[in-house]
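Here's the structure, in C-alpha cells; my notes come after.
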Amino acid sequence: MADFAQTVKQQADIVKVIGTYIRLRKAGAQNYSGLCPFHKEKSPSFSVHAGRQFYHCFGCGQSGDIFSFVSKIENLTFPEAVRSVAQKCGIPLPKREYNSPEEAAEAGVRRKLIDLHEAAAAWFQQQLTSPEGALAREYLAGRGVTPEAIRTFRIGYAPDNFNGLRDKLAPLADAETLRASGLFSSKDSEDQQGNAVPGRLYDRFRKRVMFPILNESGKVIAFTARTLDTGDKAGPKYINSPETPLYSKGQVLFNLDKAKAAMRQMDFALLVEGQMDCISVYMRGIQNVIATSGTAFTEMQVALLRRQTTNVVVNFDPDTAGANAAEKSIALLTEEGFTIKVVTLDGGLDPDRFIRERGVEAYAAAIRGARRQSDYLIERARQSFPGASSDAKIKAMNYLLPHIRRIPQKLERDQFAHDAAQKLGIDSAVLREELRQAALKRQDHVEVRAEVGIMAFERFFIEAACNDQKSPGEYQELHSNLREFDEKMRTATRSDWQQQVLPNLPVGLFEQLVVRQQGQDIEATGDTEEQRVLLRKVFLEAGESTRSHEQDMEIVKDLEIQTLRATIAQKRSLVGQAADRNSMEHIRVSQEILQLERKLRELECGA
C-alpha cells in the first residue's frame, strides 16, 4: 500500500482533487485559496500549494497532503482515501489489503450492498419499459418527466410482485446480505425459547415508481418509492429505504452527485423539498438544485453542503409542513453561518408545478427575486400574529428572537432586529433591548412581565414627550413649555403633584422626559429598569401617531388642569374633614379652593 500510495501521490493533482470538494481561486503562481471545509469562516483562509502538493488552513490549523484531506472530508481510513484518490484520477487499483479480518469483512459487505443496489436499480429500470410498467410510464408522463430525465435519474418501476426482485438478486448474495440491504421485508417469528426466527424475504417495494438515491460518488445506496395505488389500501404515498450500512437519510442530499459542480460554479445551492421538484428543476437547466427528500436539514447534510458553497436559496412547498421544514432548515443553516434567501412562489405552487405551468424563465426570475431570510421570517411573523396589540407584537418578537440569536454576526443581528422593529411597528431600541436581555439569559423569548398599569393621560404625555416625528423647532417648543411647567411646580413647592397627576410614572421619569433630546434612544431615556419597563410597554402598544403638534402642545395645559383638579380634590377632602368650620384654617383653605377653581375655569374655557 505504501508504494501504491506514493505512486498515486505523484500522479494526482491536489488542486483538481480538492477542487471537486470546495471552490478554489488562484492566489499566486502555485497557490490556490478557498473557504476551509473544516471550520466556519466567511473569508478564505484555506490555501493549497500546487507544486508542493499540500494544503494548510491559517484559520483552524488543519494541514496535510491529498490523502489526509480526502480522509478528513470523507471520514475515510488512509487506505480508503488512497483508493478514493486513485479512482478520481483514473489510476488502476492493486489488490486490496486490510488491517484486520473485521475491516475486510465490513468493506466486503459494503461493496456487496452497493452491487445489490446497482443491480436493483438496473432491474427497476428494465421493469419500467415492460408492459407492466405502462401505468408508471403514464404517471411519469403526466408529471412532465421526459425519457431523458428517466435516464438521467435512473427512474424505474417495482412491479406488483412479492418475489420479482428477490429472485433476481438471490444468486448475487446470501440471505443475510439480502436482508441487510433494506430492499426486502420479512415476517419474523419466535421459537419456543423466545428467539427470533427470520421469516421468508419478500420485495419491500411493489407497484411503485422507484427513484434511486445516490451517494456523492454517484452510486445507488437507497430508493424512494412512490405508490401508484389509490384508495385506503394504497399505503403511504412515498416510502424510503430503511437505515442500512449504506444509507442514513440524514446524511444524504438528493442529486448532490450531479449538482455539486454547478453549485461550486454558481456559488449557491437551490434547496427544494421533494425529489420530483428537484428532477423537474434540474432537467430544465437549473442544475445547482438539491433536495432534502421531505425532511428538515441535519448537521451532516449541512456539512455535505458546506463543501460546495455557503450560499443557499430555499424553495420548499408553501403548505404548513413545507413552511415548518423551511424554518427548521433556515435555523440550522443560520447557525452554521450560511447566507440564506427564500423563494415564495406565486399561487402557492410547488417548484415542479410552477415550472411546468409557467416555464423556466418565470422560475429563474423567482430565484433572482428571492427574499432575504430576515424578510421572509418577519413576514411570517406578521401573518402568524396579526394586529397592533402588545400581545401580538410580543408573540411576533418571541417567534423571531430564536432566529435572530442564531445569526453569528453581530451586525447582521442588529440589522435583522432593526428591520423587524420597523415592519412590526415596534421601536427598534425596544426590540434590541429585549434581544439583548434574552441573549444574556440564554433565552429565546421575551420575558412576559407583570402588566404595568397606566392611564390614558399618562400614555398621552409619554408619547408627546417622545414624539421624534416633529421638526426640531416644534420639539424644542414643546419641551421648553414642559420645562417651564416643571420649574413652576418646583417654585410652588408642589413636589407631590406627580403622585396626583401621573401616579403610575416611576420616580424620576417625568424629569427624564422633560430633558430628553430629540432622537434619543427610548432605552437611554429610562434611567432605571422600572422606567424602561414602562417605556417598553407604551411603545410596544403604540400605533402610528395621528396627533398634530398643536394637540401635543396642549399637554402643558392638560398637566396644569390635571394638577389643579387634583389639588382642589385634595383641599376639599381636608375641608370636609375639618372639625371646626369657623376656624381660620378652614376659611383659608376654602378661599384657596375658590381661587383654584377660578383658575381652573379660565384654563378650561381657554382650552
Side-chain angles (χ1 to χ4, degrees), residues 1 4-5 8 67 70-88 91-125 154 156 158 162-188 195-205 210-225 239-254 256-257 293 298 300-301 303-304:
M1 175 59 76
F4 179 69
V8 172
F67 301 132
V70 173
S71 178
K72 287 186 178 74
I73 205 162
E74 295 276 14
N75 193 26
L76 302 177
T77 63
F78 176 75
E80 289 173 333
V82 172
R83 283 188 290 273
S84 176
V85 173
Q87 289 173 332
K88 290 177 186 295
I91 302 171
L93 296 175
K95 186 176 179 180
R96 187 167 181 179
E97 297 178 359
Y98 298 95
N99 294 327
S100 68
E102 291 78 11
E103 182 185 343
E106 182 180 345
V109 169
R110 289 177 62 86
R111 281 200 310 273
K112 181 59 68 176
L113 291 177
I114 287 177
D115 291 343
L116 288 175
H117 277 82
E118 287 287 335
W123 188 76
F124 289 140
Q125 287 177 277
R154 303 174 65 181
F162 281 83
N163 304 316
L165 182 62
R166 186 198 64 192
D167 293 344
K168 177 69 177 178
L169 299 186
L172 304 180
D174 56 33
E176 184 179 354
T177 305
L178 292 175
R179 194 178 299 275
S181 70
L183 296 169
F184 305 98
S185 299
S186 65
K187 293 183 178 179
D188 300 340
N195 299 316
V197 177
R200 179 180 173 84
L201 295 176
Y202 59 89
D203 292 5
R204 179 183 297 275
F205 306 111
M210 303 299 294
F211 298 92
I213 299 173
L214 280 58
N215 63 15
E216 198 172 344
S217 301
K219 298 293 185 181
V220 181
I221 58 172
F223 292 91
T224 291
I239 59 174
N240 291 321
S241 294
E243 302 272 316
T244 70
L246 291 181
Y247 172 69
S248 176
K249 65 180 180 180
Q251 299 180 11
V252 178
L253 288 169
F254 183 79
L256 180 60
D257 60 304
S293 301
T298 67
M300 283 296 297
Q301 289 172 323
L304 286 173

Mind checking whether Leu165 and Leu183 have side chains closer than 4.5 Å, heavy atoms only? yes
Is there a side-chain contact between Asp257 and Asn215, using heavy atoms and a 4.5 Å cut-off? no
So, the side chain of [X] versus the backbone of [Y]: is there a donor-acceptor pair under 3.5 Å, distance only?
{"X": "Gln301", "Y": "Val252", "result": "yes"}
{"X": "Ser241", "Y": "Phe223", "result": "yes"}
{"X": "Thr244", "Y": "Leu246", "result": "yes"}

Just how far is it from atom [atom1] of [X] to atom [atom2] of [Y], taken to the nearest 0.5 Å?
{"X": "Ile221", "Y": "Ile114", "atom1": "CD1", "atom2": "CD1", "value": "8.0 Å"}
{"X": "Phe78", "Y": "Arg83", "atom1": "CZ", "atom2": "CZ", "value": "10.0 Å"}
{"X": "Arg154", "Y": "Glu118", "atom1": "CZ", "atom2": "CD", "value": "4.5 Å"}
{"X": "Ser181", "Y": "Tyr247", "atom1": "OG", "atom2": "OH", "value": "14.0 Å"}
{"X": "Leu116", "Y": "Lys168", "atom1": "CG", "atom2": "NZ", "value": "12.5 Å"}
{"X": "Ser71", "Y": "Glu80", "atom1": "OG", "atom2": "CD", "value": "8.5 Å"}

What closest approach, in Å, do [X] and [Y] show between heavy atoms, and which atom pair accounts for it?
{"X": "Arg204", "Y": "Ile239", "result": "O-CD1, 4.5 Å"}
{"X": "Ala222", "Y": "His117", "result": "N-CD2, 3.7 Å"}
{"X": "Arg179", "Y": "Gly199", "result": "NH2-O, 3.2 Å"}
{"X": "Ser186", "Y": "Leu201", "result": "CB-CD2, 4.1 Å"}
{"X": "Ala158", "Y": "Met210", "result": "N-CG, 3.6 Å"}
{"X": "Arg166", "Y": "Asp203", "result": "N-OD1, 3.0 Å"}

What do the steps show when you test Leu169 against Phe184 for side chain to side chain contact (heavy atoms under 4.5 Å, CB included), and what is the final call? CA-CA 11 Å; Leu169 299 186; Phe184 305 98; 4.0 Å; yes
Mark yes when over 12 heavy atoms from residues, nucleotides or ligands other than Phe162 sit less than 6.0 Å from its CZ; otherwise mark no. no
Can you confirm whether Lys88 is buried at NZ, in the sense that more than 12 heavy atoms of other residues, nucleotides or ligands lie under 6.0 Å from that atom? yes
Determine, for Glu176 against Lys112, whether the closest basic-nitrogen to carboxylate-oxygen distance falls under 4.0 angstrom. no
